[in-house]
Amino acid sequence: MQKVLLLSTFSASDKVYDGNNTPTITSAVSGFVGSETVTHSITATFDNKNVGSNKVVTANSITLADGTNGGLASNYSISTGQTTTANITAKALTATASTSNKVYDGLTTATTTLTFSGLTGSETLGQTVASTFSDKNVATGKTVTVNSITLADGSNGGLAGNYSISPGQTTTANITAKALTVSGITASNKTYDATTSATLDTSSVSYSGLVTGDIFTGSYSGVFANANVGTGKTINITSSYSGADVNNYTVTDQSTTTANITAKVLTATASASNKTYDGATTA
């Protein structure tokens, strides 16, 4: 009759998620007769492969082999099913960041995608990334920093809970100038004065494309194409721009407007010569 051995020591080491439920086991067998020994090999599994604390580990099979001092495996038996607990901790990922260029929008927000390194097998993960440019202004090769990363379950068994990742990745991208169009400048009609000077009205000037809150100012002067009387005469506008945000825009000027030059009213003083009566009223 075989002597029943006991698994006197059975413990599992904590491990980092690796996509399988295989633990690293420490075990010892007791109950031998005299100085006999037999060796053993053991297979065990976590209850599942996923991250968790105090996860149950079960001994599924124990194989005995002949040992020393006459110990024969056939003289002994041992039962399986013993349990212990251990932790599976999240696997740390690294990532490289890439950011899309954008047109100036007055914000520092960037659109960034991460490429993960360290995923197990063919697993994939989803991602939500918050990142910012170093400032909002137009420039090339601007530094972009990843501020936060939220992982989401992916495909091929990829679970967000099995992984961890830290933000702080950097990359570069460009912010290009935003198109801004100037319109709404009008001019006053005037009476002919032999000059081409024009008086512009900028009270209704419109900056199409200007980001709310940006500091952008235009200065304008205008001259008639010539000094002569006419209706709907072209006035050429010269523009200049200033302000803290002026370099963030590519400006399409309003180059012309129209107004009338009307004829100047003259006054006159008359004088007549005396004459000798000739029977006519002509003077």
May I ask you to test the His40-Ile78 pair for a side-chain heavy-atom distance under 4.5 Å? no
Does some side-chain heavy atom of Gln169 sit less than 4.5 Å from a side-chain heavy atom of Thr94? no
Counting distance only, does the side-chain N/O of Thr113 pair as donor-acceptor with the main-chain N or O of Ser98 below 3.5 Å? no
Donor-acceptor contact present, side-chain Thr171 to main-chain Thr99, <3.5 Å: no
Hey, is the main chain of Ser255 close enough, under 3.5 Å, to the side chain of Asp253 for a donor-acceptor pair? no
Can you get from Phe116 to Val144 by hopping between Ile, Leu, Val, Met, Phe, Trp and Tyr side chains that sit under 4.5 Å apart? no
Could you tell me whether Lys136 and Asp214 make a salt bridge, using a distance below 4.0 angstrom between a side-chain N and a carboxylate O? yes
Linking I/L/V/M/F/W/Y whenever their side-chain heavy atoms sit closer than 4.5 Å, directly or via other members, would Phe224 and Val229 fall into one cluster? yes
Measure across Ala95 and Ile165 and return the closest heavy-atom pair with its distance rounded to 0.1 Å. CB-CD1, 3.7 Å
Taking the side chain as C-beta and beyond, is there a heavy-atom pair between Lys142 and Asp135 under 4.5 Å? yes
Do side-chain atoms of Gln127 reach the backbone of Leu114 as a donor and acceptor pair under 3.5 angstrom? yes
Applying ring pair (Phe, Tyr, Trp, His ring centres under 6.0 Å) to Tyr249 and not counting sequence neighbours gives Tyr104, Phe216
Sidechain-backbone polar pair: Lys190 side chain, Ala259 backbone, donor-acceptor under 3.5 Å: no
Where the side chain of Ser8 meets the backbone of Ala28, is there a donor-acceptor pair that is under 3.5 Å apart? yes
Side-chain contact, heavy-atom cut-off 4.5 Å: Asn75 with Val33? no
All heavy atoms of Asn189 vs all of Asn260, minimum pair found to be OD1-N, 2.7 Å
Are side-chain heavy atoms of Val57 and Ile25 found at a separation under 4.5 Å? yes
Regarding Ser61 and Thr43, do their side chains bring together a donor and an acceptor under 3.5 Å, going by distance alone? yes
Residues Ser27 and Leu7: closest non-hydrogen pair is CB-CD1, 4.0 Å
The criterion is ring pair (Phe, Tyr, Trp, His ring centres under 6.0 Å); which residues satisfy it with Phe133, sequence neighbours excluded? none
Spell out, as yes or no, whether a donor-acceptor pair under 3.5 Å connects the side chain of Lys3 to the backbone of Gly31. yes
Heavy-atom closest pair, residues Gln254 and Val182: CB-O, 3.4 Å
Using 0.5 Å steps for rounding, measure from the NZ atom of Lys55 to the CG atom of Asp47. 4.0 Å
Is it the case that one hydrophobic cluster holds both Leu159 and Leu119, taking links as side-chain heavy atoms less than 4.5 Å apart, direct or via other members? no
Taking the side chain as everything from C-beta on, heavy atoms only, tell me whether Asp245 gets closer than 4.5 Å to Val211. no
Reported CG-to-OG distance for the pair Asp66 and Ser74, which is rounded to 0.5 angstrom: 6.5 Å
Ignoring hydrogens and geometry, is there a side-chain-to-backbone donor-acceptor pair from Thr257 to Ile235 under 3.5 Å? no
For Asn137, run the side chain to side chain donor-acceptor pair (under 3.5 Å) check against Asn247, Asn248, Thr108 and tell me which one passes. Asn248
With Ser131, which of Thr111, Thr109, Asn147, Thr112 fulfils side chain to side chain donor-acceptor pair (under 3.5 Å)? Thr112
Is the backbone of Gly19 close enough, under 3.5 Å, to the side chain of Lys91 for a donor and an acceptor to pair up by distance? no
Is the backbone of Tyr17 close enough, under 3.5 Å, to the side chain of Asn162 for a donor and an acceptor to pair up by distance? no
Rounded to the nearest 0.5 Å, the OH atom of Tyr241 sits from the OG atom of Ser219 at a distance of 9.5 Å
Distance in Å, Ile149 CD1 paired with Tyr163 OH, rounded so as to fall on 0.5 Å steps: 15.0 Å
Could you tell me if Asp14 and Thr89 have a donor-acceptor pair between their side chains, going purely by distance under 3.5 Å? no
Any chance you could measure Ser242, atom OG, to Ile215, atom CD1, to the nearest 0.5 Å? 10.0 Å
Can you tell if the side chain of Lys233 reaches within under 4.5 Å of the side chain of Asn226, non-hydrogen atoms only? yes
side-chain contact (heavy atoms from CB on, under 4.5 Å) between Asn48 and Asn21, intermediate numbers included: CA-CA 5 Å; Asn48 60 51; Asn21 63 353; 5.8 Å; no
Side chains of Tyr220 and Val205, heavy atoms from C-beta outward: is any pair under 4.5 Å? yes
Nearest heavy atoms of Leu200 and Ala187, plus distance in Å: CD2-CB, 3.9 Å
Shortest non-hydrogen separation from Ser164 to Ala90 and the atoms involved: N-CB, 4.0 Å
To the nearest 0.5 angstrom, please state how far the OG atom of Ser117 sits from the CG atom of Leu93. 8.5 Å
